[in-house]
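To start, the structure itself, in C-alpha cells.
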Amino acid sequence: MSDFQETLFEGYGQRFQIDKLLHDVHTEHQHLVIFENARMGRVMALDGVVQTSEADEFIYHEMLAHVPILAHGLARRVLIIGGGDGGVLREVARHRDIESITMVEIDDTVVQTCKEFLPNHSAGTFDDPRLKLVIADGMHFVTSTEEKFDVIISDSTDPIGPAEVLFSERFYQACRRCLNDGGILVTQNGTPFMQLGEVQTTAKRLHGLFADWHFYQAAVPTYLGGAMAFAWGACNAESRKLPLETLLQRFVGSGIVTRYYNPHVHIAAFALPQYVLHAIAKPSND
Ligand code: AG3
C-alpha cells in the first residue's frame with residue numbers, strides 16, 4: 001500500500017494512506033490524483049497539494065458559498081472562479097432565489113474527472129439549468145466580460161502555478177468591476193498560520209478597491225496548519241455587520257440544511273486572532 005505525501009510546505013506536511021488509487025493523470029494544466037482513504041473518503045490532489053476530501057469538504061464549500069450569499073441577501077447572479085470539483089457549485093445551487101450561476105474553470109479534465117470520481121461533490125448540479133459552465137482562464141474572463149454579478153466566489157488552488165494570477169491586484173480589480181452594487185467577492189486565501197504572507201498581500205491589494213474588506217476563517221482538517229482564511233471584499237460595508245437576527249431570518253427562509261454553516265458560525269468566523277490582524281494591519285475592533 002502506498003502513501004500520498006503532500007508537498008505544499010517545506011519540512012512539514014501531511015500523509016494519507018492510499019487505500020485505492022482511483023485516477024492519476026497529467027492534464028493540460030496540472031497533475032491530478034484521486035484516491036480513496038479509509039478515514040477521509042475520496043481525496044483529490046493537484047500538483048501534490050490536497051484540494052478536497054469527501055470527509056470535510058462540506059466545511060469549506062458551505063463557508064465559501066453561504067457566507068457571501070446570505071450576507072448579500074438578494075443575490076441573483078453568482079460567478080464561481082475555479083471550483084472544478086463542483087463542491088461550491090452544489091452549495092450555491094441550494095439557493096432557490098439564485099437565477100444564474102456562471103462557473104469559469106480552466107481545466108475541463110478536473111470537471112470531467114471529478115464528475116466521475118467525486119460525484120458527491122457536485123451532486124448532479126453540473127446539470128442545473130441555471131449553470132453556465134465556461135472552460136477558460138478565470139483572469140481572462142473577469143477582465144473581458146461585460147456581465148455583472150452579485151457574488152463572486154474564487155475557489156482556486158494556491159498561488160503557485162496556474163492560480164497565481166487569481167491572487168493578483170489586477171484580478172481583484174477586475175472582480176470589483178464585475179460586481180453589481182452591493183456585490184461581494186470571497187476567495188480562498190490559504191492557512192494564515194502557514195501562509196501569512198498570502199493574507200498580507202491580499203489585504204494590501206483589497207485595500208482601496210473595496211468599501212469594506214476583511215477575512216473570515218474556518219478550520220478544514222485537510223488544509224494543514226490550522227484555520228483556512230477566506231478573503232472578503234464588499235461594496236457595502238454593512239454586509240459584514242448584519243445582526244444575527246437578519247442572518248437567522250435569511251437562513252431559515254432559505255430552507256437550506258447545512259452541516260457546518262449557521263448564522264452564529266457566520267458571525268464568529270469574522271473574528272480574527274491578533275497575529276492575523278497585525279499582519280493585515282487592522283485594529284482588533286474592526
Ligand atoms: N481549493 C483550495 C485548496 C487549498 C489548499 N491549500 C492549502 N492547504 N493551503 C480547493 C478546491 C476545493 N473545491
Side-chain angles (χ1 to χ4, degrees), residues 4-16 27 29-34 40-67 78-93 101 103-107 109-115 117-123 125-126 133 138 152-167 186-202 215-231 260 276:
F4 175 88
Q5 189 86 44
E6 190 173 42
T7 57
L8 184 58
F9 306 120
E10 184 74 44
Y12 169 73
Q14 61 178 335
R15 177 193 71 85
F16 292 82
T27 77
H29 301 276
Q30 47 211 341
H31 181 199
L32 163 60
V33 176
I34 299 182
M40 300 309 286
R42 294 184 172 195
V43 180
M44 191 258 285
L46 291 173
D47 291 338
V49 180
V50 175
Q51 296 301 313
T52 191
S53 85
E54 285 188 322
D56 65 10
E57 58 84 14
F58 68 99
I59 304 173
Y60 177 86
H61 294 129
E62 287 182 13
M63 289 300 277
L64 259 182
H66 305 316
V67 171
V78 174
L79 170 64
I80 302 168
I81 302 289
D85 54 61
V88 171
L89 171 62
R90 179 196 66 215
E91 292 305 316
V92 170
I101 309 170
M103 175 166 153
V104 183
E105 163 62 53
I106 198 167
D107 197 338
T109 308
V110 172
V111 174
Q112 299 315 328
T113 310
C114 290
K115 268 195 205 172
F117 294 102
L118 289 179
N120 300 328
H121 271 59
S122 50
T125 48
F126 279 113
L133 176 63
I152 302 180
I153 300 172
S154 173
D155 177 19
S156 70
T157 51
D158 291 82
I160 351 167
E164 199 179 341
V165 52
L166 302 182
F167 293 80
V186 295
T187 74
Q188 84 80 6
N189 225 105
T191 51
F193 184 78
M194 296 303 294
Q195 298 165 293
L196 197 60
E198 229 181 85
V199 175
Q200 235 158 356
T201 34
T202 300
F215 293 83
Y216 63 104
Q217 301 197 116
V220 185
T222 49
Y223 302 145
L224 192 63
M228 178 63 132
F230 305 100
Y260 187 85
V276 177

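Both counts, for ligands and for their atoms, begin at 1 and track the order of listing.
- Less than 4.0 angstrom separates some heavy atom of Gln51 from each of these atoms of ligand 1: 1 (N), 2 (C), 3 (C), 10 (C), 11 (C), 12 (C).
- Ranking the protein heavy atoms by distance from atom 1 (N) of ligand 1 puts Ser156 O, 3.0 Å first.
- The atoms of ligand 1 that sit less than 4.0 Å from any heavy atom of His61 are 12 (C), 13 (N).
- Within the 4.0 Å heavy-atom shell around ligand 1 one does not find Glu57.
- In this structure a side-chain-to-backbone donor-acceptor pair under 3.5 Å is missing from Thr202 to Val199.
- Inclusion of Thr222 in the set of residues having an N or O under 3.5 Å from an N or O of ligand 1 is not warranted.
- A donor-acceptor pair is defined here as one N or O able to donate and one able to accept, closer than 3.5 Å; such a pair exists between the side chain of Gln188 and the backbone of Thr157.
- At least one donor-acceptor pair under 3.5 Å links the side chain of Asp47 to the backbone N or O of His31.
- For Thr113 (side chain) and Val110 (main-chain N/O), no donor-acceptor pair under 3.5 Å exists by modelled atom type.
- Donor-acceptor pairing under 3.5 Å is lacking for the side chains of Asp85 and Gln51.
- Considering only non-hydrogen protein atoms, atom 11 (C) of ligand 1 sits nearest to Asp155 OD1, 3.2 Å.
- Side-chain atoms of Asp155 and Tyr60 include a donor-acceptor pair closer than 3.5 Å.
- Of the heavy atoms in His121, none comes closer than 4.0 Å to ligand 1.
- Of the protein's non-hydrogen atoms, Asp85 OD2, 3.1 Å is the one closest to atom 12 (C) of ligand 1.
- Looking at Asp158, its side chain never comes within 3.5 Å of a backbone N or O of Gly190 through a donor-acceptor pair.
- Ligand-side atoms of ligand 1 in range of Tyr60: 1 (N), 2 (C), 10 (C), 12 (C), 13 (N), range being under 4.0 angstrom from any heavy atom.
- Residues passing the ring-ring contact (aromatic ring centres under 6.0 Å, His included) test with His61 are His121, sequence neighbours excluded.
- Between the side chain of Ser122 and the backbone N or O of Thr125, no donor-acceptor pair lies under 3.5 Å.
- Nearest approach of Gly83 to Glu105, heavy atoms of both residues: N-OE1, 3.6 Å.
- On a distance-only criterion, Thr157 and ligand 1 share no N/O pair closer than 3.5 Å.
- Residue-level proximity to ligand 1 for Gln195 is carried by the side chain, the only part with a heavy atom below 4.0 angstrom.
- For ligand 1, the atoms lying closer than 4.0 Å to a non-hydrogen atom of Val50 are 5 (C).
- In terms of polar-atom proximity, defined here as any N/O pair under 3.5 Å, Thr52 makes no such contact with ligand 1.
- Distances from ligand 1 to the non-hydrogen atoms of Val88 include no value under 4.0 Å.
- In terms of polar-atom proximity, Asp158 is counted as a contact of ligand 1, with an N or O under 3.5 Å from an N or O of the ligand.
- Nearest residue to atom 7 (C) of ligand 1 from Ile80, Leu224, Leu8 is Leu8 (criterion: closest heavy atom).
- Annotation: side chain to side chain contact (heavy atoms under 4.5 Å, CB included) contacts of Phe16 (sequence neighbours excluded): Phe4, Gln14, Phe35, Asn37, Met40, Val43, Val50, Thr222.
- Listed by number with element, the atoms of ligand 1 under 4.0 Å from a non-hydrogen atom of Met228 are 4 (C).
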